[in-house]
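What follows is a set of notes on a single structure, which appears directly below.
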Amino acid sequence: MKLSFFKLPFLFLLFYGVLDSTFLVGRELLVENMVFSYAKVNPYIWDDSFLSLIIHIVLPNTFNQLANLVLIFITSAIILHKNSVYRVNKKNLLCVFLIVFFIIIGINGYQVIFERQVLGFLYYAIAPYYFTYIESLYIGIFRLACYIWIIMAIYLGIKLLRTAFVTEPNMIVLSSDNSQKTHLSLFILLFNFYYLSIVLFCLNFFFVPKDPLDSIGPLEYHIRTIIFYSVFLLIVNTIGYFVLRKQFKTVYDNLQVKSLISSSVIAFVLTSLAAIIVLFFNIYCLKWFDEVADSLTDSEIMVIVITDIILFLLILCAIGSVVVSKTAKAFFGKEVNLSSFVESKSE
């Protein structure tokens with residue numbers, strides 16, 4: 001019987017998204033004696049419709065949770081596979097729901113205890129000038145704590161509920177047909193997680209507050225930010241898929257977690273270093289451009305700026321494609337005899 005590798009991880013993702021949004025809205029509307037209240041949410045509601053509530057609060061919050069969502073998908077896929085849990089049925093769905101609920105309770109509990117109590121104390125205990133830096137530091141601590149908690153909660157939850165899960169210890173899930181696709185998908189997702197964790201931290205640190213209700217910026221800003229990064233990730237992941245799909249040639253009967261983490265970290269670090277070098281070179285070229293800008297017309301300046309941006313992105317894509325493909329090939333590019341793979345599985 002053929003079972004899907006990613007169905008239950010996708011349900012982890014779905015449950016987390018729904019429960020997290022429900023807790024966020026419920027916290028703002030129903031919980032009393034908190035910093036937030038319905039009076040703060042009310043201006044966002046048009047004619048008592050929850051559509052505006054979703055647009056103003058749930059949508060930015062979902063974007064802010066992208067790194068968490070990707071990490072949940074990766075972690076659940078790996079740990080479910082290690083425990084031979086693949087089937088989608090009532091018992092497994094209930095266990096998944098309980099684990100996700102446990103994750104949400106932990107994250108919201110941390111926010112209530114630390115954000116409301118510790119930050120509230122520091123707000124009155126230190127000078128306002130330094131509180132901005134303390135709050136920015138908290139953003140990084142909060143995100144790191146969330147990542148650690150998600151991994152621990154999924155691992156411990158699946159371990160504790162292993163007897164309740166319906167397992168398939170003798171089922172062949174990683175076959176010669178989907179082994180490469182599974183490793184390719186997880187490699188791309190890990191790369192996305194590293195990128196999103198840094199980008200979302202920087203956005204929280206410099207531009208977008210962690211809590212959507214604290215934002216002083218217009219809704220249009222959030223929409224533009226979400227659309228830009230969504231389109232960017234779609235383009236990058238599409239290019240990455242076509243670049244990498246022929247590099248994963250090795251067929252495995254077990255998930256190569258260490259190789260996936262090592263290769264994706266190396267590829268991301270090398271790509272980031274290359275991007276920084278290209279960025280500094282581009283800044284150096286722009287200094288030269290400033291010296292001759294006065295002698296150019298506005299249309300000529302616009303053409304040069306657009307050309308510079310396009311060349312910058314093309315160079316980044318080219319360098320990134322080479323680095324990522326070479327790294328993936330080094331870890332997963334060895335071809336194997338598929339007949340020997342089938343014989344080993346039949347034994």
Side-chain angles (χ1 to χ4, degrees), residues 4-31 36 41 44 49-80 85 88 90 92-112 142-143 145-155 157-158 161 185-186 188-190 192-197 199-201 203-204 208-213 215 219 222-223 225-234 237:
S4 175
F5 191 89
F6 290 126
K7 279 185 179 179
L8 280 177
F10 176 77
L11 291 171
F12 261 96
L13 211 66
L14 181 62
F15 285 151
Y16 181 87
V18 172
L19 285 177
D20 181 69
S21 299
T22 303
F23 266 75
L24 175 66
V25 175
R27 188 187 69 186
E28 311 306 335
L29 294 178
L30 303 177
V31 179
F36 304 113
V41 183
Y44 296 99
S49 171
F50 278 93
L51 177 61
S52 60
L53 192 68
I54 293 173
I55 294 175
H56 284 85
I57 300 177
V58 175
L59 184 61
N61 179 68
T62 302
F63 175 75
N64 207 30
Q65 294 282 339
L66 280 179
N68 287 1
L69 292 170
V70 174
L71 181 61
I72 286 172
F73 189 91
I74 296 170
T75 306
S76 60
I78 292 173
I79 299 177
L80 286 171
V85 180
V88 178
K90 292 181 179 179
N92 287 352
L93 286 177
L94 178 61
C95 292
V96 168
F97 180 85
L98 291 174
I99 294 171
V100 173
F101 186 79
F102 187 52
I103 294 173
I104 297 293
I105 291 294
I107 292 176
N108 281 268
Y110 175 84
Q111 283 184 292
V112 170
F142 176 76
R143 286 200 170 276
C146 284
Y147 302 150
I148 296 173
W149 171 247
I150 286 170
I151 295 173
M152 288 179 56
I154 294 177
Y155 176 80
I158 293 176
L161 296 174
S185 301
L186 290 175
I188 293 175
L189 286 170
L190 282 166
N192 275 266
F193 169 70
Y194 308 143
Y195 172 78
L196 286 169
S197 60
V199 167
L200 291 174
F201 169 76
L203 287 175
N204 288 156
V208 184
K210 182 180 63 60
D211 195 307
L213 292 182
S215 176
L219 173 65
H222 294 299
I223 298 299
T225 303
I226 293 171
I227 291 175
F228 171 79
Y229 281 102
S230 298
V231 172
F232 178 77
L233 286 173
L234 179 63
N237 283 308

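- Put simply, CD1 on Ile151 and CD1 on Ile72 are 10.5 Å apart, with the number rounded to the nearest 0.5 Å.
- Between the CD1 atom in Ile150 and the CD1 atom in Ile104 there is a gap of 8.0 Å [rounded to 0.5 Å].
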Give the C-alpha distance, both sets of side-chain angles, the deciding distance and a yes or no for side-chain contact (heavy atoms from CB on, under 4.5 Å) between Thr75 and Met152. CA-CA 10 Å; Thr75 306; Met152 288 179 56; over 6 Å; no
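- More than 12 heavy atoms of other residues, nucleotides or ligands sit less than 6.0 Å from atom OH of Tyr147.
- Checked against the 6.0 Å centroid criterion, the rings of Trp149 and Phe142 do not qualify as a close aromatic pair.
- The minimum heavy-atom distance linking Ile154 with Ile79 is given by the pair CG2-CD1, 4.0 Å.
- Proximity of a side-chain donor or acceptor of Asp20 to a complementary backbone N or O of Tyr16 within less than 3.5 Å is not detected.
- Rounding to the nearest 0.5 Å places OG of Ser76 at 7.5 Å from CG of Leu13.
- Of all non-hydrogen atoms in Asn192 and Leu233, the two that sit nearest each other are OD1-CD2, 3.6 Å.
- For Phe63, there are no ring pair (Phe, Tyr, Trp, His ring centres under 6.0 Å) partners at least two apart in sequence or on another chain.
- A donor-acceptor contact shorter than 3.5 Å is absent between the side chain of Asn92 and the backbone of Val88.
- The aromatic rings of Phe97 and Phe101 sit parallel, their planes meeting at an angle under 30°, below the 60° perpendicular limit.
- To the nearest 0.5 angstrom, Leu66 atom CG is 6.0 Å from Leu200 atom CG.
- Annotation: the span from Asn237 atom CG to Ile188 atom CD1 amounts to 6.5 Å, rounded to 0.5 Å.
- Of all heavy-atom pairs between Phe15 and Val100, the closest is C-CG1, 3.7 Å.
- In this structure Phe6 satisfies the ring pair (Phe, Tyr, Trp, His ring centres under 6.0 Å) test together with Phe73, sequence neighbours excluded.
- Looking at every heavy atom in both residues, Cys146 comes nearest to Ile107 through SG-CG2, 4.0 Å.
- Between Leu189 and Val70 the shortest heavy-atom distance is O-CG1, 3.4 Å.
- Between atom OG1 of residue Thr62 and atom CG of residue Leu69 there is a gap of 7.5 Å, rounded to the nearest 0.5 Å.
- Considering all non-hydrogen atoms of both residues, Ala153 and Ile103 come closest at CB-CG1, 3.5 Å.
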